[in-house]
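The next block holds one structure in the form of C-alpha cells; read it before the comments.
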Amino acid sequence: MNFPVESSTLNPLVDPDRTDFPGQAHYTDDLSKLLDILPAPIRERLEHHPQLDRLVEVVLDLGRRPEARFPGSADYLSEEVVTRADLDQVISRVGEFSGDNRAGIASTLHRISAIRNRQGTIIGLTCRVGRCIIGVISMIRDLVEQGRSMLLLGRPGVGKTTALREIARVLADDLHKRVVIIDTSNEIAGDGDVPHPGIGRARRMQVATPELQHKVMIEAVENHMPEVVVIDEIGTELEALASRTIAERGVQLVATAHGNRIDNLMKNPTLSDLVGGIQSVTLGDDEARRRGSQKSVLERKAPPTFDIAVEMLERARWVVHEDVAATVDRLLRNREPLIQTRSLDEKGQVVIERPVMSGPQWPPTSSSSTMSPARERGGWRRSGRMEALPLEPLEGRLRQRDPRETNLVEAGSGSGLGLGFRSSLGLDEEESLDFEGSEDNPRDSDGPLMIYPYGVSRFHLEQVIQTLKLQAEVTKDLDGADIVLALRSHVRNRSKIQQLAHSRQIPIHTVKANTLIALTRALRHILNIETEDGSDSELELFIQASAGDETEALEEARLAVEQIVIPKSQPVELLPRSALIRKLQHQLVEHYHLRAQSFGEEPNRRLRIYPK
C-alpha cells in the first residue's frame with residue numbers, strides 16, 4: 001500500500017550526553033554479563049564476532065552446534081556440539097526457572113528460556129539479549145502523553161517488551177505518574193528483587209506463576225493506587241477480563257498481546273474482548289436493505305478495552321490505530337480502516353503517512369471538513385449540477401399507465417423521483433434495460449456521483465465502481481446522496497424509501513437484479529457512458545476480481561464458525577454468494593464437521609451454518 005507523506009512536527013527523545021542508536025536513541029544491554037554465563041569457547045568466539053552489538057540470542061541445544069542469531073542471519077559458534085556439561089554450566093549461573101520455563105540474570109534484562117524433555121530435564125537453552133533503549137518510542141511519544149490506554153501488537157522479536165519498558169519509564173519519570181508494572185517473567189524490569197534502572201521510577205510487581213497474572217493485575221489496582229498499569233503478554237481470557245475491569249476503573253493501561261495485527265485479535269475468541277468483542281446481530285428489514293446485506297451480521301459487542309492500538313511491523317515502522325472502535329467497525333463491514341503509518345527517516349525525524357481512502361469515509365473524520373462543499377454533501381446534486389426529473393415526462397407516462405398504478409407514479413412525480421415504467425416505454429421484458437431512471441445526468445461534475453444503495457449489495461456496487469474505475473462512490477448518508485439505486489423488487493407503492501427520497505428531492509433508479517452485470521449496465525447508463533462492444537473484456541475484469549471474492553467469502557465463513565457457531569452454538573447466515581463460492585464455503589464448513597444449508601432465491605441465495 002502506497003501512502004502520501006505528511007510532514008510531522010514530532011521529534012524523537014534524544015539524550016545528547018549518550019551514544020546515538022539508530023533513530024537517535026541510546027541503549028544499554030549489559031552484554032558482558034550474558035557472555036559470562038556461556039562456556040569459554042563459545043564466549044571467546046562471540047567476543048570477537050563482528051556483529052556482537054546486534055546479537056539477538058544464543059541457542060544451545062544438546063547434541064547440536066551452538067548458534068548465534070542476528071537480525072536476518074545466524075552463525076555457528078563452534079565445530080563441537082553442545083554437551084550436558086555445557087548446559088549444566090549455564091544453568092548453574094542463572095536464577096531459578098519459573099513455571100513458564102524462564103530464568104534471568106540478576107540486575108539485567110537478559111532472558112534464559114529452557115526446553116525440557118518428557119522427564120523434565122533441560123535439553124536446550126535460548127539465551128535472549130535484553131536491551132534498554134532510550135528513545136525507542138519516539139514515533140508514538142505524543143500518543144503516550146495523551147493518557148489513553150494503548151495496546152502494542154507485533155511478531156516475536158520486533159521489540160514489544162523494549163517499547164513497553166520505555167513507555168513505563170517515560171510515564172513515571174517524564175510525566176510523573178504512578179506506574180505499576182505487572183512483570184510476569186521478570187522480562188520488563190529484569191531478574192532479581194531490585195528492578196532494572198531502565199524502568200525509571202516505575203514500580204514492579206512480580207508474579208509467582210503465569211496462571212496468577214490476572215490476580216496480580218487486580219491486586220495492583222486495589223492495593224497500590226496506580227494511575228498506569230503496564231502488562232506484558234496478555235494471553236488468556238481471565239487476563240483480558242482483568243484488563244477490562246482495570247480500564248473501567250479509570251486506570252490507564254499499556255500492554256502487549258499475542259497477535260500480529262488487530263484483525264488477528266478480532267479472530268481470536270479468547271482475546272477479542274480487548275477490541276470490544278464480536279457478536280452476531282439480526283437487523284430489521286429496513287436496516288438490512290439500507291446496508292444491502294443479509295439480516296444476520298457481525299458487529300462489535302462493547303467498547304474496546306484499549307483506545308489506541310499500535311502494530312509494530314518493523315523496528316522503525318509502526319501502524320497506529322488512533323480509534324480502535326472505529327477500526328473494528330470498519331473491518332467488520334469490509335471497509336478499509338483509518339490508520340497512520342509512522343516511521344523514522346535518515347535524520348531520525350518521525351514521518352507520518354496516511355492512506356488515501358478509495359471510498360467514502362464513514363463515520364466521517366475531521367479531515368472531511370476540508371473537502372469541497374460539492375464533495376462533502378453530495379457531489380453532483382448539492383453543486384447544482386443534478387436536478388430532479390421534470391414533471392412532464394412522468395405525467396405523460398401517467399396517461400399511459402394503468403389506473404391501478406396511479407398512486408405509485410404520483411408519489412414520484414411531485415418529487416422528481418427517477419422511476420420509469422416498462423409499459424410506458426413499450427419494451428418487452430427481454431428487450432428492456434435492467435434499470436430505469438433519469439437520462440439527464442451530466443458527467444462534467446467536479447466530484448464523484450454519490451450513490452445510496454437500497455436493497456442492492458454494497459460490496460457488488462463498490463466492486464463494479466472499483467473494477468471499472470467509475471467516477472462514483474457509495475454512501476450510507478441519504479442526505480449526502482445524489483441518487484438512490486434500489487432493487488426493483490424492494491420499491492413498492494408508497495414505500496419508505498420513496499417517502500424519504502421525496503422529502504429530499506433525490507431521484508431513484510431501480511435495477512432488476514442484484515448482479516455485477518446488471519449493476520454495471522445501470523451505472524453506465526446513469527453516468528452516460530456508452531456501452532462498449534468489448535463486453536467480454538469487461539467480463540474478464542470481474543472474473544479476475546472474483547478470486548478476491550472467494551478469499552473474502554471463505555474468510556467470512558471461517559470467522560463465523562470460529563467466533564460464533566462453535567463457541568456460542570448459534571446459527572449464522574452468510575452474505576449472498578454465487579453457486580461456485582457457496583460450494584467452497586460448504587467444503588470449509590464440512591472441514592469443521594458442521595452442517596450448512598443454502599436457502600433463498602438467486603441472486604440472494606446464501607449459506608446458513610448450524611451448530612452441532
Side-chain angles (χ1 to χ4, degrees), residues 27-71 73-133 156-157 159 161-162 164-165 181 183-199 204-210 232-233:
Y27 74 97
T28 58
D29 53 16
D30 298 316
L31 190 55
S32 61
K33 294 184 178 181
L34 178 64
L35 298 181
D36 289 341
I37 71 170
L38 299 176
I42 299 176
R43 180 176 66 251
E44 293 173 0
R45 178 68 181 272
L46 270 177
E47 289 175 344
H48 297 90
H49 199 285
Q51 298 189 69
L52 179 61
D53 59 337
R54 302 178 68 240
L55 179 65
V56 175
E57 61 189 13
V58 177
V59 176
L60 305 176
D61 287 333
L62 183 64
R64 291 185 173 184
R65 297 160 64 187
E67 185 178 356
R69 294 178 177 175
F70 307 89
S73 64
D75 290 337
Y76 287 115
L77 300 175
S78 174
E79 295 298 328
E80 302 293 333
V81 299
V82 176
T83 64
R84 170 62 59 187
D86 294 331
L87 293 179
D88 292 341
Q89 178 181 341
V90 176
I91 295 172
S92 65
R93 296 178 179 179
V94 300
E96 294 184 3
F97 287 88
S98 58
D100 55 357
N101 284 317
R102 292 180 179 180
I105 303 173
S107 302
T108 73
L109 301 173
H110 307 309
R111 185 184 74 191
I112 316 299
S113 302
I115 299 177
R116 300 178 184 268
N117 61 14
R118 292 185 177 182
Q119 290 73 37
T121 304
I122 296 177
I123 59 174
L125 293 173
T126 302
C127 305
R128 184 75 174 272
V129 178
R131 292 185 173 94
C132 174
I133 303 179
T161 303
T162 304
L164 205 63
R165 184 183 304 115
I181 299 173
D183 205 357
T184 306
S185 302
N186 289 350
E187 193 173 358
I188 300 179
D191 201 47
D193 296 334
V194 179
H196 191 276
I199 66 171
R204 185 263 298 270
M205 294 184 65
Q206 299 186 41
V207 180
T209 61
D232 195 13
E233 294 186 358

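The two residues G192 and N186 come nearest to each other via the heavy atoms N-ND2, 4.4 Å. The two residues L55 and A68 make their nearest non-hydrogen contact at CD1-CB, 4.0 Å. Closest of all the heavy-atom pairs between L38 and L34 is CG-O, 3.7 Å. Pairing each heavy atom of D53 with each of R131, the nearest pair is O-NH2, 2.9 Å. Among all heavy-atom pairs drawn from P66 and I42, the shortest one is CB-CD1, 3.6 Å.
Few gaps surround CG on D36; more than 12 heavy atoms of other groups in view lie less than 6.0 Å from it. Atom CZ of R84 is surrounded by more than 12 heavy atoms from other residues, nucleotides or ligands within 6.0 Å.
Identified under the side chain to side chain donor-acceptor pair (under 3.5 Å) test for residues 37-49, with sequence neighbours left out: H49-D75. For residues 88-124, there are no ring-ring contact (aromatic ring centres under 6.0 Å, His included) pairs, not counting sequence neighbours.
The salt bridge (Lys or Arg N to Asp or Glu O under 4.0 Å) test applied to R116 returns no partner, not counting sequence neighbours. Considering only residues two or more places apart in sequence or on other chains, N117 meets the side-chain contact (heavy atoms from CB on, under 4.5 Å) condition with Q119, T121, I123. Every residue was checked against the side-chain contact (heavy atoms from CB on, under 4.5 Å) condition with A106, not counting sequence neighbours, and none meets it. Residues satisfying the salt bridge (Lys or Arg N to Asp or Glu O under 4.0 Å) criterion with E79, sequence neighbours excluded, are R65. In terms of the side-chain contact (heavy atoms from CB on, under 4.5 Å) criterion, S92 has no residue partners (sequence neighbours excluded). For S107, the side-chain hydrogen bond (donor to acceptor under 3.5 Å, both in side chains) test picks out no residue, with sequence neighbours left out. Remark: D86 pairs with T83 by the side-chain hydrogen bond (donor to acceptor under 3.5 Å, both in side chains) rule, at least two apart or across chains. Every salt bridge (Lys or Arg N to Asp or Glu O under 4.0 Å) that E187 has, sequence neighbours left out, goes to R102, R111. P156 pairs by the side-chain contact (heavy atoms from CB on, under 4.5 Å) definition with nothing, not counting sequence neighbours. Scored by the salt bridge (Lys or Arg N to Asp or Glu O under 4.0 Å) test, D183 finds R204 as partners (sequence neighbours excluded).
Side chains of H196 and D30 form a contact here, defined as non-hydrogen atoms less than 4.5 Å apart. Side chains of V82 and D61 form no contact here, defined as non-hydrogen atoms less than 4.5 Å apart. By the 4.5 Å heavy-atom criterion applied to side chains, E57 and C127 are not counted as neighbours. Between V58 and L46, the closest side-chain pair of non-hydrogen atoms falls below 4.5 Å.
None of L77, I122, L87 except one satisfies the side-chain contact (heavy atoms from CB on, under 4.5 Å) rule with L60; the exception is L87.
Here T161 contributes atom OG1 and L109 contributes atom CG; the two are 10.0 Å apart, rounded to the nearest 0.5 Å. For the atom pair CD1 (I105) and CD1 (I37), the distance works out to 4.0 Å, reported to the nearest 0.5 Å. To the nearest 0.5 Å, atoms CZ (R64) and CG (L62) are separated by 10.0 Å. Annotation: the span from E233 atom CD to L164 atom CG amounts to 10.0 Å, rounded to 0.5 Å. Within the model, atoms CZ of R54 and CZ of F70 stand 8.5 Å from one another, a figure rounded to the nearest 0.5 Å. Remark: T108 OG1 to D191 CG distance equals 7.0 Å, nearest 0.5 Å.
At distances below 3.5 Å, not a single donor-acceptor pair connects side-chain atoms of R165 with backbone N or O atoms of I199.
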